[in-house]
There are 2 protein chains.
Amino acid sequence: MTSEQLSKTLSTNPVVIRRIMAGLRDMGIVRSERGHGGGWTISRDLATVSLRDVYTALGEPMVFALGNRQEMPDCLVEQAVNAALDDAFRAAEVLLIERLGEVTLADLAADFHERWKQNKTKKANPHAA
Amino acid sequence: MTSEQLSKTLSTNPVVIRRIMAGLRDMGIVRSERGHGGGWTISRDLATVSLRDVYTALGEPMVFALGNRQEMPDCLVEQAVNAALDDAFRAAEVLLIERLGEVTLADLAADFHERWKQNKTKKANPHAA
DNA sequence: CTTTCTCGTAACATATAAAGTTGCATGAAA
DNA sequence: TTTCATGCAACTTTATATGTTACGAGAAAG
């Protein structure tokens with residue numbers, strides 16, 4: 001698919017798509033081709049790509065909205081608070097990334113197909129139990 | 001202390017202090033008094049207040065910077081991704097909050113005093129091992 | 001009872017970062 | 001050589017958190 005097509009599907013802008021896909025391309029998850037007939041193609045078996053890989057490809061963006069704080073403040077109170085929060089945040093982040101590593105894009109595809117079937121059934125029989 | 005004093009200590013604005021302290025007050029962690037000689041006082045034993053209580057008092061702000069997404073999108077792909085992410089995020093959040101519940105303000109105070117002593121020693125003997 | 005000091009709160013302003021946009025260069029196929 | 005695509009830099013817009021101003025209300029001091 002082209003960035004143009006993807007951006008319409010996702011209600012955004014082709015350049016935004018390219019920005020995001022660039023990370024995935026550098027990790028070898030997708031490939032891009034220029035020129036006529038070009039666009040984006042998947043270049044790996046979906047079963048070999050985990051959400052953790054995607055997270056890494058996207059530059060490991062900040063996981064937490066909280067705790068966007070100074071690394072080594074002079075304030076001793078702040079230091080004490082940071083030490084406590086760092087422990088907790090680090091533990092939570094480790095668990096999160098571990099979980100992301102357990103889900104592959106193939107899993108997501110399977111889940112999607114499941115939902116797709118459910119959806120068709122529901123549309124045919126809107127009032128079924 | 002007054003909001004004015006606190007705001008100077010924390011390099012911010014008195015109104016910001018009041019906004020934040022309002023949550024702590026509603027949870028009974030601090031008390032505010034108006035008028036001459038008023039200000040903020042701690043109203044509970046620090047050993048009975050955990051970081052989790054503070055988190056709750058602050059209105060349980062969003063923990064994660066990622067996944068700021070629609071609850072039940074029409075897009076089945078988005079649904080599948082959300083389901084996977086929700087699992088992971090929920091697990092991480094549970095762990096984080098559990099950890100926050102294990103740290104009391106008294107713990108932080110003790111840690112602060114430890115740092116304070118260290119700091120004094122270092123100032124007296126800057127080149128000690 | 002008037003002044004002074006404080007919080008409470010709403011409304012407004014500013015700053016920052018994420019998202020979106022424009023423009024143009026580069027490469028590839030028709 | 002025209003058309004279609006990505007690559008990339010620079011700029012604009014938008015959203016949100018933070019900071020600010022203004023004023024009302026309560027409480028103590030004089």
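Note on naming: letters A, B, ... go to the chains in the order of the sequence lines (proteins, then strands), and numbering restarts at 1 for each one. Since this is a predicted model, take the numbers as computed values, not measurements.
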Can you measure [X] atom [atom1] to [N] atom [atom2] for me and round it to whole angstrom units?
| X | N | atom1 | atom2 | result |
| --- | --- | --- | --- | --- |
| His36(B) | dC7(C) | NE2 | P | 12 Å |
| Ile20(A) | dA18(C) | CD1 | C1' | 11 Å |
| Arg19(B) | dA17(D) | CZ | P | 11 Å |
| Arg18(B) | dA25(D) | CZ | P | 16 Å |
| Glu4(B) | dT6(C) | CD | P | 8 Å |
| Gln5(B) | dC7(C) | CD | P | 9 Å |
| Leu24(A) | dT6(D) | CG | P | 14 Å |
| Leu10(B) | dG19(D) | CG | P | 10 Å |

**Request:** Any chance you could measure Leu95(A), atom CG, to Arg99(B), atom CZ, to the nearest 0.5 Å?
**Result:**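 If I round to the nearest 0.5 Å, the distance is 10.0 Å.
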**Message:** Using heavy-atom distances to pick each residue's nearest nucleotide on DNA chain C, tell me which of Asn13(A) and Gly37(A) is more 5'.
**Reply:**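 Final value for this comparison: Asn13(A).
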Give a yes/no answer on whether the side chain of [X] brings an N or O atom under 4.0 Å of OP1 or OP2 in [N].
| X | N | answer |
| --- | --- | --- |
| Thr12(B) | dG19(D) | yes |
| Thr2(B) | dT6(C) | no |
| Ser32(B) | dC7(C) | no |

**Message:** Check this for me: Ile42(B), atom CD1, are more than 12 non-hydrogen atoms of other residues, nucleotides or ligands nearer than 6.0 Å?
**Reply:**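 At most 12 heavy atoms, drawn from other residues, nucleotides or ligands, come within 6.0 Å of this atom.
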**Message:** Any base atoms under 4.0 Å from Gly39(A), or only sugar-phosphate, or nothing? Heavy atoms, all strands.
**Reply:**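 Sugar-phosphate contact only.
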**Request:** Could you verify whether a donor N or O on one side chain and an acceptor N or O on the other, from Thr56(A) and Asp53(A), lie under 3.5 Å apart?
**Result:**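 The answer is no; no qualifying pair exists.
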**Request:** Take Val16(B) and Arg34(A), find for each the nucleotide of DNA chain D with the closest heavy atom, and name the residue whose nucleotide sits nearer the 5' end.
**Result:**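 The 5'-side residue here is Arg34(A).
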**Request:** May I have the step-by-step check of side-chain contact (heavy atoms from CB on, under 4.5 Å) for Asn125(A) and Lys122(A), ending in yes or no?
**Result:** CA-CA 5 Å; Asn125(A) 280 357; Lys122(A) 211 192 281 175; over 6 Å; no
**Message:** Go through it in stages, so that I can follow the logic: the residues are Trp40(B) and Met1(B), the test is side-chain contact (heavy atoms from CB on, under 4.5 Å), and I'd like the CA-CA distance, side-chain angles, deciding distance and then a yes or no.
**Reply:** CA-CA 5 Å; Trp40(B) 300 93; Met1(B) 289 179 78; 5.5 Å; no
